[in-house]
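Step one of this worksheet: look at the structure below.
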Amino acid sequence: MLRITGLKRLNEPAQKWLNIWEMDYVDSRGKERKHFFASRNKLPKPECAPVANAVIAICRYGDKLLITKEVRCVVGGEEWGFVAGLIEEGETAEQAAIREVKQETGLNVVRITGQSPSTPSSAGMTDEAAIYIFCDVEGELTKEFLEGDEDIDGFLLDYNETVKLCDRIAPYDTGVVAARAWPILYMYKMLGKI
């Protein structure tokens, strides 16, 4: 059993988007160890199950799937994926999904059809966790509601276009596909339905 003996933030002061932490712990064999991780939290609670601080919206528009393409500095270009964002203080995952869908695509959520439990993003690197929200949307795609630093395009892809994205066939062969999106795209390809 893991026993945490110390936690120290390595960047000062605390940042809104990312903090780096050093954790001292004793492993299941009684050996003292260190682990370094990133967190969006001002004070992480690694002894607890990860609490979602992000949301990912998997949206249907009739028989089409809502996909985003966003410029991401860390991957050196564009990333294909789903609407995603941070859950703001006092907000539920559903409320965050509704807000993020509107902000990133201009579409309106008309029905939430499912929700996942809190899922860790990359348990070896961060305490970030996300909840998947499955929903139906309507309206017109627009960039009108994007925040000043966002560069996001929304696409409504039918089954054949989604398969092309999954298989990286033109015109969907540029950029990268998000790790959280690719398995869902692949299952859609294999099952033929969302």
Taking only Lys NZ, Arg NE, NH1 and NH2, and the carboxylate oxygens of Asp or Glu, determine whether R60 and D136 approach each other closer than 4.0 Å.
yes
For residues 100-140, which residue pairs qualify under ring-ring contact (aromatic ring centres under 6.0 Å, His included), counting only residues two or more places apart or in two chains?
none
Are there more than 12 heavy atoms of other residues, nucleotides or ligands under 6.0 Å from atom NZ of K102?
yes
Quiz: residues 69-88 side-chain donor-acceptor pairs under 3.5 angstrom, not counting sequence neighbours:
{"unit_1": "E70", "atom_1": "OE1", "unit_2": "R72", "atom_2": "NH2", "d": "3.3"}
{"unit_1": "W80", "atom_1": "NE1", "unit_2": "T174", "atom_2": "O", "d": "2.8"}

Go through the steps to decide whether E161 and Y172 satisfy the test side-chain contact (heavy atoms from CB on, under 4.5 Å), and finish with yes or no.
CA-CA 8 Å; E161 292 167 320; Y172 306 105; 3.6 Å; yes
Going by the rule side chain to side chain donor-acceptor pair (under 3.5 Å), which residues pair with D151 if we only count those two or more places apart in sequence or in a different chain?
none
Would one find more than 12 heavy atoms of other residues, nucleotides or ligands at under 6.0 Å from atom CD of E12?
yes
Does D173 pair with K164 as a salt bridge, N-O distance under 4.0 Å?
no
E32 atom CD, neighbour heavy-atom count above 12 within 6.0 Å:
no
Would you say the side chain of M23 lies within less than 4.5 Å of the side chain of K34, judging by non-hydrogen atoms?
no
Under the ring-ring contact (aromatic ring centres under 6.0 Å, His included) definition, can you give me all pairs with a residue in residues 92-129, not counting sequence neighbours?
none
K8: what forms a salt bridge (charged side-chain N to carboxylate O under 4.0 Å, His left out) with it, not counting sequence neighbours?
none
Contacts of L141 meeting side chain to side chain contact (heavy atoms under 4.5 Å, CB included) (sequence neighbours excluded), chain-then-number -> L66, T105, L107, L156
Verify side-chain contact (heavy atoms from CB on, under 4.5 Å) between R180 and S121, making sure each step is shown before the conclusion.
CA-CA 8 Å; R180 287 183 176 253; S121 295; 2.9 Å; yes
